[in-house]
Chemist: 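Mind looking over this structure? Questions follow.
None of the values given here were measured: they were computed from a predicted structure. When reading the values below, keep in mind they use all heavy atoms of this one structure, side chains included, and skip hydrogens, waters and symmetry mates.
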Amino acid sequence: MVNNEGYIQLNDLSVGYETGRQQRTVIPKINLRASQGNLIALVGANGSGKSTLLRTLAGIQSPIKGSISIDNKPIESYSRHDLAEKLSFVGTHYDMHAMMRVHQVVSYGRYPYTNILGHLHPTDKMIIRKAMHDTGIFHLRDAFISEISDGEKQRVLIARSLAQDTNIILLDEPTAFLDVKNKFEILHLLGRLAHEKRKIILFSSHDLQIVLGTADLLWFIDHKKIIQGLPEEMVLKNTINELFRHSEVYFDAENNEFRIQRRHNFCVRLLGSGALYKWTERALDRLHIKVDNRCSGPAIHIEQKDQEIVWTVNPDNKGDEFFALQDLIQHLHSKYGNSKQLR
Amino acid sequence: MLIIIFMAIILFIADLVLGSVIISLKDFWEILQTQGGETYLHKILFNFRIPRALTAVAAGMALSVSGLIMQTVFRNPLAGPFVLGISSGASLGVALIIIGFQAFGWFSAFTVLSNWAIVIAALLGSGLLLLMLLIVSTRVKDIMTILILGILFSSSVSALVSILQYFSPEGALKSYVIWTMGNLGNVTGDQLFILWLAIGIGIFITLFNGKRLNIMLLGEQYAQTTGVNIFQFRLLIFIATSLLAGSVTAFCGPIGFIGIAVPHIARLIFKTTNHFILVPGTLFLGAAILLLSDIVAHLPGSDRILPINSITALLGIPIVIWIIFKNRNLSQVF
C-alpha cells in the first residue's frame with residue numbers, strides 16, 4: 001500500500017542561515033513531499049539556496065521555521081543515530097583524505113550499525129560488497145582514493161551511502177566537476193538506484209540539460225519559491241526560461257539546449273536539411289548572421305557531394321561554392337556585412 | 001608494528017644504560033636482579049635513568065598521539081599538539097611564575113615550590129586557554145575558524161610572554177628560556193605517576209573515539225550524517241589533547257616537532273589512515289623517537305647534556321626529509 005511507503009515531507013519549511021543574531025531566510029515556506037522510487041533534481045541558480053535546503057534536510061543545519069518529517073515522524077524526534085539509518089548525505093568529493101582505500105570509505109557507511117571498535121560482521125561486509133557492485137567500483141576496491149578519477153570518487157561516495165542502507169539519499173552537486181560522459185553516467189546510476197531500490201534520491205544540480213533527460217521530478221527554485229513538476233512539463237510551460245529572465249541565455253525547448261540571444265548583422269536564407277542545416281545554422285547564428293527564410297538576403301544551399309560538404313551562395317545564379325564553413329562565413333561578412341537593408 | 005614495538009624496547013634499554021656514565025649490559029642485568037642494592041650504579045639507574053626513560057616514553061607517546069588526532073580533527077597536515085594553544089598557555093603560566101616571582105623579589109618562595117609551582121602554573125595556563133577555546137567553539141561551528149582562533153590566541157599569549165621577558169631580570173629570563181628548551185629529567189615519583197595517569201586517560205579517550213576519528217577523515221558533514229555528535233566528539237578530543245599535550249608541557253616544557261612529525265611517519269610506515277592501527281603505531285613510534293632523541297641529547301660518555309628540544313628537531317627533520325624523498329609526496333599521503 002502507498003501508506004507504507006517511506007517519504008520525506010516539508011511543512012511550511014523556511015531555510016536559511018544565521019549570522020550572529022540575524023536570520024537570513026533563503027527560501028521561505030516550502031511545502032513539498034517526496035516519496036520512494038523517485039529521482040528528484042533540485043535545480044536553481046547559484047545562491048538560490050540549493051545547498052542550504054539540502055543541508056537542512058540532512059539535519060546538518062536547523063530550519064528557520066516549519067518542520068520536516070520523515071516517515072510520519074518529525075525530524076527532531078530522531079536521534080542523530082536513528083536519523084543516520086533513515087537518511088544519508090553525499091557531499092563534495094574533492095576534500096576526501098587521499099590515502100584511504102575505496103573499500104574503507106564504503107565501509108564507513110556501516111558506521112551507524114557497528115560497535116565502538118567499528119567491527120564489521122559478515123552481513124556488513126556483504127552489504128559493502130554489494131554497494132560496490134551496484135555502483136560499478138568493485139574492481140577498484142583496493143585502490144587508494146588518490147589513484148582514481150573524479151567520476152569514480154563520486155561513485156565511491158554513492159556506494160558509501162548505499163552501504164548506509166537508508167531510504168533517503170541526498171546529494172549535493174554530484175555532477176559538479178565531472179565531464180559530460182560521467183555526468184550522464186552518475187545520473188543514470190542514481191535513477192537506476194531510485195527505481196530499482198525504491199529510494200528517495202534528491203540531488204542538487206545546475207546542469208539543466210542533463211537533468212532534464214534523467215530526473216523523474218524537478219524541484220525548481222525560482223525567486224525564493226520551489227515549483228515542482230515533471231522536467232518535460234517545465235520545458236513546455238516555459239518555467240525553465242524564468243531562470244534566465246534578465247539574461248541573454250535562453251533554453252531552446254525544441255533542441256534541448258541553451259542558447260545565447262545574439263545580435264545579428266544581416267540575414268540569409270538557408271536551403272538544406274538535417275544535421276547539415278542545423279549545424280550550419282548554429283555557426284551562422286554564433287557569428288551574427290540570422291537565418292530567416294523570409295529574408296531578402298542571399299540564399300545558401302548546402303549539400304553533401306561524395307565525401308565533401310558544399311555550401312553554395314545564390315545557387316540560382318551559379319554563385320560561389322565553399323568547401324569550408326569558415327570560408328563561407330568570411331565571404332558573407334565581407335560582402336553583406338555593411339548592407340543595412342538586410343537586417 | 002612488532003618491529004616498532006621491539007625498537008621502542010631496545011631504545012628504552014639503551015636510554016637506561018647510555019649516559020654520562022655508561023652502564024654495561026652485564027652490570028645492568030646485575031643491578032636489576034639485586035634487590036635494594038645501594039651501589040653507585042644502582043642509584044643512577046633507579047633515581048635518574050628509569051624515571052627519565054619513563055618520562056621520555058610518556059612524552060613521546062602523548063605528543064605524537066595528540067598530534068595525530070589534531071591533524072585528523074582539523075584535517076590539516078600542519079596541525080600538531082599545540083594548535084589549540086596549549087603550549088602558549090603553559091608558557092604564559094610559567095613565564096608569570098618564574099619571571100613574575102623573581103621580579104617581585106619572591107624568589108626564595110619560588111625555589112621552595114620550584115617544580116610543582118611550574119607544573120601547576122603550566123597546567124593552569126594551558127587549561128585557561130583551552131577553556132577559552134571551548135567556550136568559543138560552542139558558538140563557532142566551523143572547525144577551520146576554531147583552528148585560526150587557536151592560532152590567534154596563541155600569538156597574543158606569546159606577545160604577553162614577550163612583554164614579560166622584556167621586563168624580566170637576567171636570571172629569571174635564563175630560567176624561563178631553559179624551561180622552553182624542554183627537560184625530561186625533572187619528573188620523578190608522584191609527578192611521574194600523575195603524568196602517566198593523565199596520559200593513560202588521554203590515550204583511552206582517543207582509542208574510545210577511534211571509530212569517530214576514522215569517519216572524520218571523510219569530513220564533518222559525513223560524520224554528522226552517519227550519526228556522530230560533532231560537539232560531543234570535539235569536546236572529548238579537546239579534553240584528550242589537553243590531557244596529553246598539556247601534562248607533558250607542564251612537566252617537561254614545550255617539546256616541539258615530535259607531535260607534528262611522528263603521525264606523518266606513522267602514516268607512511270603503516271600506509272593506512274585507520275586510527276585503530278595508527279594510534280598504537282604512533283604511540284610506539286613516538287616513544288621510540290623521543291627515547292632516541294634523549295640518548296643523543298645526553299651525548300653518551302660525556303657529562304654534557306643538550307636541550308632535548310633541539311635534538312628532536314635536528315634528529316627528526318632528517319628522518320622526515322628522507323621519508324619525503326623516498327615517497328616523493330607527503331600531501332598525497334595525508
Chemist: Name the option with the most non-hydrogen atom pairs under 4.5 Å to chain B; the candidates are A:Met100, A:Arg101, A:Arg55.
Modeler: A:Met100

Chemist: What's the spacing between A:Ser107 OG and B:Ile215 CD1 if we round to 0.5 Å?
Modeler: 8.0 Å

Chemist: So what's closer than 4.5 Å to chain B heavy atoms on A:Asn115: side chain, backbone, both or neither?
Modeler: backbone

Chemist: Which heavy-atom pair separates A:Ala84 from B:Gly227 by the least distance, and what is that distance?
Modeler: CB-N, 3.7 Å

Chemist: For the candidates A:Thr166, A:Leu83, A:Thr114, which exhibits the highest count of non-hydrogen atom pairs separated by less than 4.5 Å from chain B?
Modeler: A:Thr114

Chemist: Against chain A, work out which of B:Val228, B:Ile230, B:Thr272 has the most heavy-atom pairs shorter than 4.5 Å and name it.
Modeler: B:Val228

Chemist: CZ/A:Phe89 to OH/B:Tyr222 distance, rounded to the nearest 0.5 angstrom?
Modeler: 7.0 Å

Chemist: Out of A:His81, A:Gln164, A:Glu85, which one racks up the most heavy-atom pairs below 4.5 Å with chain B?
Modeler: A:Gln164

Chemist: Please classify the contact of B:Asn274 with chain A as side chain, backbone, both or neither, using a heavy-atom distance under 4.5 Å.
Modeler: both

Chemist: Considering all heavy atoms of both residues, which atom of A:Tyr111 and which atom of B:Lys211 are nearest to each other, and what is their separation?
Modeler: O-NZ, 2.9 Å

Chemist: In Å and rounded to the nearest 0.5 Å, what is the NE2 to CZ distance from A:His119 to B:Phe276?
Modeler: 12.0 Å

Chemist: Given heavy-atom pairs under 4.5 angstrom as the criterion, report whether the side chain, backbone, both or neither of A:Arg160 touches chain B.
Modeler: side chain

Chemist: Test: side chain to side chain donor-acceptor pair (under 3.5 Å). Region: residues 223-235 of chain B. Which pairs qualify, not counting sequence neighbours?
Modeler: B:Arg212-B:Gln232, B:Glu220-B:Arg234

Chemist: First locate atom CD1 of A:Ile145, then atom CG of B:Leu217, and finally report the distance between them rounded to the nearest 0.5 Å.
Modeler: 11.0 Å

Chemist: So does A:Lys73 have more than 12 non-hydrogen atoms from other groups sitting under 6.0 Å from NZ?
Modeler: yes

Chemist: Rounded at 0.5 Å granularity, tell me how far CZ in A:Arg80 sits from CZ in B:Phe231.
Modeler: 13.5 Å

